[in-house]
Amino acid sequence: MNRFIVVGADGSDAATAAVEWAADDAARAAARLHIVHAVDRSPYEIVTFSTPGQGDAIALSAQSVLADAEAVARKRQPGIDVTSELYEGAAAAVLRGQAGNATEIVIGGRGLGGFPGAVLGSVSTHVAGHAHGPVVVVRSDPGTVFGEIVIGLDDYHAGEPALAYAFEQAMLRVSTLRAVRAWQPPVHAHIPESTHDLDGIHATQCRIAADTLQGWRQRYPQVQVIEDVQRTHPVDALAKASEKADLVVVGSQGRGAIGTVMLGSVTLGVLHHARNSVAVVRP
């Protein structure tokens with residue numbers, strides 16, 4: 001099966017960083033890079049604002065965005081196969097529609113439509129919340145390499161795709177994989193009369209983490225794994241780990257009609273608070 005990575009381009013600095021990130025990933029995975037740009041003409045089709053020749057100007061601008069993105073990708077990784085395509089429609093819907101056959105979708109954390117100071121754009125949230133398979137939201141400096149991938153461990157079997165993606169990323173990058181499992185004591189655990197054995201709970205969480213990773217360690221013996229079990233909120237643990245990580249990988253169990261709901265509270269929290277790039281892997 002031909003592997004290909006899809007990256008969204010819109011001419012913004014965030015999208016340029018995403019193109020560079022995707023080009024690097026395509027080189028590592030021997031995959032084709034497919035750059036897409038979406039033109040949503042609906043804001044320009046209102047009669048009050050229509051201008052003769054505006055459609056041509058929009059098309060020319062779109063082609064320029066794609067040409068610039070291709071140039072960035074080829075300069076970054078001269079040996080990769082790069083294609084590009086212009087689509088009509090809303091950016092989030094176009095990118096979500098690419099998820100079926102793509103190895104992964106890569107997008108910038110905030111594009112041209114984002115608000116100044118916003119941590120996460122609406123397109124990023126929507127695509128990560130709806131698309132199946134890995135969606136990478138890039139917020140890392142492509143020139144900075146930490147040599148560590150972080151994976152958040154949970155209690156759900158549906159987290160297996162996230163583990164598979166994280167181990168493959170660590171293998172391709174020759175990076176250490178930090179497996180973070182965070183737990184919080186029961187609400188009344190700190191009351192003096194409480195009978196909760198916090199040390200015992202922590203030991204159980206460590207065993208769960210070890211059992212979860214055992215099969216994956218055997219499958220990827222070349223990947224160095226750090227089991228990191230912490231007594232804290234999962235978002236806090238993963239956000240902290242992200243400071244020295246090239247990528248944080250999280251699964252998503254959220255279900256619902258709205259993207260932010262479908263992400264789940266932990267996944268959404270990580271997307272908003274992580275210092276570097278995040279991959280959301282939905283089954």
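Note that these values count all heavy atoms, side chains included, but never hydrogens, waters or copies made by symmetry. Just so you know, these numbers come straight off a predicted model, no measurement behind them.
Using a distance-only test at 3.5 Å, with no hydrogens or angles considered, a donor-acceptor pair links the side chain of His37 to the main chain of Ala9. The backbone N or O of Ala245 lies less than 3.5 Å from no partner atom in the side chain of Ser242, so there is not a single donor-acceptor pair.
With hydrogens and angles left out, the side-chain atoms of Ser84 and Glu70 include a donor and acceptor closer than 3.5 Å. Residues Gln222 and Tyr220 bring no donor and acceptor atom of their side chains to less than 3.5 Å of each other. With hydrogens and angles left out, the side-chain atoms of Asn276 and Glu243 include no donor and acceptor closer than 3.5 Å. Using a 3.5 Å distance cut-off with no hydrogens or angles, the side chains of His126 and Arg96 do pair a donor with an acceptor. Defined by atom type and a distance below 3.5 Å, a donor-acceptor pair is present between the side-chain atoms of Asp25 and Gln169.
When the shell of 6.0 Å around CZ of Arg32 is examined, it contains more than 12 heavy atoms from other residues, nucleotides or ligands.
Residues Leu172 and Ile151 share a single hydrophobic cluster, defined by chaining ILVMFWY side chains whose heavy atoms lie under 4.5 Å apart.
A side chain to side chain contact (heavy atoms under 4.5 Å, CB included) with Val248 is found for exactly one of Val270, Val180, Ile149, namely Val270. Exactly one of Val136, Val137, Val19 qualifies for a side chain to side chain contact (heavy atoms under 4.5 Å, CB included) with Val106. That residue is Val136.
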Margin query: Before you tell me yes or no, could you show the steps for Arg181 and Asp228 under salt bridge (Lys or Arg N to Asp or Glu O under 4.0 Å), namely the whole-Å CA-CA distance, both residues' side-chain angles and the distance that decides it to 0.1 Å?
Written below: CA-CA 6 Å; Arg181 182 175 177 86; Asp228 188 357; over 6 Å; no
Next item on the list: Dump the intermediate steps for salt bridge (Lys or Arg N to Asp or Glu O under 4.0 Å) on Glu104 and Arg3, then the final yes or no.
Entry: CA-CA 9 Å; Glu104 67 188 14; Arg3 295 165 61 91; over 6 Å; no
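Using a 4.0 Å cut-off between charged nitrogen and carboxylate oxygen, Arg219 and Glu168 do not count as a salt-bridge pair.
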